[in-house]
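Quick note on labels: first sequence line is chain A, next is B, and so on, each numbered from 1. Side chains are part of it too, since the values below use all heavy atoms of this structure and drop only hydrogens, waters and symmetry mates.
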There are 2 protein chains.
Amino acid sequence: MNNVTAVLARFLVDSRLEDIPAGVRHEAARAIVNWSGCAVGGAGHETITRALAAIAPFQGPPQATVFGRSERLDAPHAALLNGMSSHLLDFDDTHARAVHPSAPVLPALFAFAEWHRISGAELLHAFVLGVEAECRIGLSVFPEHHDLGWHITGTAGVFGAAAAIGKLLGLSAQQMTWALGIAATQAAGLQEVFGSMSKSLHPGRAAQNGFMAAMLARQGFTSSEQAIEGKRGFGRVLSTRFDANTITAELGQHYELSQNMYKPYACGLVVHAVIDACIALREQHALRPEQIEHIKLIVSPRTLQMTNHPTPSTGLEGKFSVFHVAAAAIVFGTIGETQFSDDCVLDARVLAVRQRITVTVDEALSRTQATVRLHLTDGRAIEHRVEHALGTIGRPMSDRDLDTKFHGLTDEVLGAGPSGELLDLCWSVATLADAGSIARAAARPSPSA
Amino acid sequence: MNNVTAVLARFLVDSRLEDIPAGVRHEAARAIVNWSGCAVGGAGHETITRALAAIAPFQGPPQATVFGRSERLDAPHAALLNGMSSHLLDFDDTHARAVHPSAPVLPALFAFAEWHRISGAELLHAFVLGVEAECRIGLSVFPEHHDLGWHITGTAGVFGAAAAIGKLLGLSAQQMTWALGIAATQAAGLQEVFGSMSKSLHPGRAAQNGFMAAMLARQGFTSSEQAIEGKRGFGRVLSTRFDANTITAELGQHYELSQNMYKPYACGLVVHAVIDACIALREQHALRPEQIEHIKLIVSPRTLQMTNHPTPSTGLEGKFSVFHVAAAAIVFGTIGETQFSDDCVLDARVLAVRQRITVTVDEALSRTQATVRLHLTDGRAIEHRVEHALGTIGRPMSDRDLDTKFHGLTDEVLGAGPSGELLDLCWSVATLADAGSIARAAARPSPSA
């Protein structure tokens, strides 16, 4: 198929809001709640502080909010910073098969919404389409593209932002084709930088460059007509396999956003089932740490392989220790960013539990399954098995779960009252006359104000 | 070798101006002359006008000149625009084996120089180092990287800009390693967009993103320590072959800038020998077009394959027609942008000559060799053979040739007087107290001034 880019562009241009099923619209609101919480929660990180210092001398007009901060930036720079902050805790959403969908797209949309007034419904529609474009393009080269070493959230994300902003700008099909081409030729992001601040740059630049790709296309800035499928295009240059059909098959008949997942815990998916089981045992048995004689974790091979770190000494190491997360879940009953502070990893109560843990692999378990078996000091043995970790497609986080996660990320930054107001605005996105009101509500009052 | 990025960073940080041989410094001045002419000459193109319109709403402080225009932009945006304008005529310099060296690096440096005062010698030194980094990194994956479909001027260019600006910022070796990593993870640019405005975006974004990579690294924004050589790094993800040794071997013992070439004619290298021969015959024999009975061009296989277009009807088609360039060279005695206007391609005098041309392939000729044989109306046959096209390493353009090319590009834009002043400043770069004076001299007076 030699017109994939043009077919996708035509779909994006022709889509009407009423084409989007109600369930997908609700999923969009859920994604906006989750993403906004992550952006506010990540905004205080030194990654953001350092990036702000670097761009400060070159700032344009103060058009858009940096979520969770008092700075206002020109719209593309706000897209950059919000793309970074929303991804840097590794707490943002995940498509069931690839790509973190929201981090490259929503920052571009909220920056646009404060610059040019649009309704919440318009933002929601453009968001669904942006996710559709980035996920389909990502899946067309997945997993080979990923296995080569590309960070697909950057490489596919730039298409999502371009498609979303292109929709808001009312691009023609020709212009949308160019916007996708301008996005394609900026697709970037290497897994080699994982573990450094540069990882968060990927969705940030994707949001910023996708935003500008659409702006350029609107001015008649030309590109290839076949930037995705061409011989020297995205699909063939950045992957050893490219399946054009993934991009165009059943366009509009199902939406990739319905495959979206949200993480309840601020760490890798592979330990989520263990956390679920520990929290369930704690709650069901009103467990106190001192009752525990021994803990046995039965996990998937991949889980142990990625998190076999019995004696972490920093918060970051704690994220990659199934021993720490299990102990912290039993002690605190929740696993948020607080549980990955250096203090928490060295907390005597956590250490006392951690030392009683052993781990066994069960080849039959998937990475989102686990069993936890406790031997108590009174001689009892209790056990909990998790078939689907909370947040996976088989057992999604409820809207209420998302509220709890949101508050955990935002209350300390914005205060509980303003957090609640922001949360209400996110849930009501579909009916807002001014989508920018969400971004403005995410601003932290200036310290000097 | 698992510390290539760090070794290169250390070299860049430790380099002193006095380490750079005089010949390389003079080549830097030649490159600055050539690049400045190209930037001024390209600045009126609609590619630039459209890009300026797209970024206008988001402009920061007016820190830096767009060469050949009256607009002043924030420094990173000026780097973007000047990177685009200097490349879009396909008239900028070419390393003997890969990469257009100047277009990604000099725009970043001149934008920096107007923002933070530096001497001409500092700019020159940083330029030599930027070219060294981008060419060595480009050559480490060449030609496989190119053959995959990457535009190496974009992908390698971003390292050049990061290295050059990093040098001016006085980054530590650790920071320079990060700057190269931040550059690596933004490396982008697909050949699929060749023939569209998006091609020029590659050196533009390389300049802008490399500039910001260094700014981020200075703020302590971290990246991988092995972004070039790592398993998921630039060399292995963007190429099927990576030769680390190319980057580190004999660093400081020779400089890639000494392999730089400049084009005398505003079209592909493959027809330059034909143009040389036609101009030589015209001059040696004081030829008038009406004396010509028949013209035979004897060219390399690749030359005919790429430019076998006997009846072009637009200026762009004329660039890819060996028939047009030969005819225009005989009629006008020069081949600049003017000879690729639609008017010139349809000029009756050019058509009259063009119709008398036949082309033959000689398998023994390289693409920079040609023979032109003329049969005159008085019965004489005259012939000229070109062994090395003007501008190749075997027969470089003289400084005087570069002056002529420069004036051809800038006189109409800036006026002959200001062009001469700019040219003088470029040649004297090594002794300028303020390198930014070159950029300021390249500004076109505001129409309203």
_Apply side-chain contact (heavy atoms from CB on, under 4.5 Å) to residues B:M197 and A:I182 and explain how you reach the verdict._
CA-CA 9 Å; B:M197 293 181 181; A:I182 300 167; over 6 Å; no

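- Contact count against chain B (heavy-atom pairs under 4.5 Å) is highest for A:S198 among A:G189, A:S198, A:G154.
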Side-chain donor/acceptor pairs under 3.5 Å, residues 53-61 of chain B, sequence neighbours excluded:
unit_1, atom_1, unit_2, atom_2, d
B:Q59, OE1, B:D74, N, 3.1
B:Q59, NE2, B:H77, ND1, 3.0

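- In this structure the side chain of B:W178 never reaches within 4.5 angstrom of the side chain of A:V193, judged on heavy atoms.
- Within the structure, the salt bridge (Lys or Arg N to Asp or Glu O under 4.0 Å) test picks out the following pairs touching residues 184-200 of chain B (sequence neighbours left out): B:D90-B:K199.
- Residues of residues 155-176 of chain A lying under 4.5 angstrom from chain B, judged on non-hydrogen atoms, do not exist here.
- Residues of residues 209-235 of chain B having a heavy atom under 4.5 Å from any heavy atom of chain A, listed by number: B:N209, B:F211, B:M212, B:M215, B:L216, B:Q219, B:G220, B:F221, B:T222, B:S223, B:S224, B:Q226, B:A227, B:G230, B:K231, B:R232, B:G233, B:F234.
- For chain A, no part of B:H151 is nearby; none of its heavy atoms comes within less than 4.5 Å.
- Side-chain atoms of B:V237 and A:L238, non-hydrogen and from C-beta on, never get closer than 4.5 Å to each other.
- Nearest heavy-atom pair, A:T185 versus B:A188, reported as atom, atom and distance to 0.1 Å: O-CB, 3.6 Å.
- Interface remark: B:W115 contributes side-chain atoms only to the contact with chain A (heavy atom separation under 4.5 Å).
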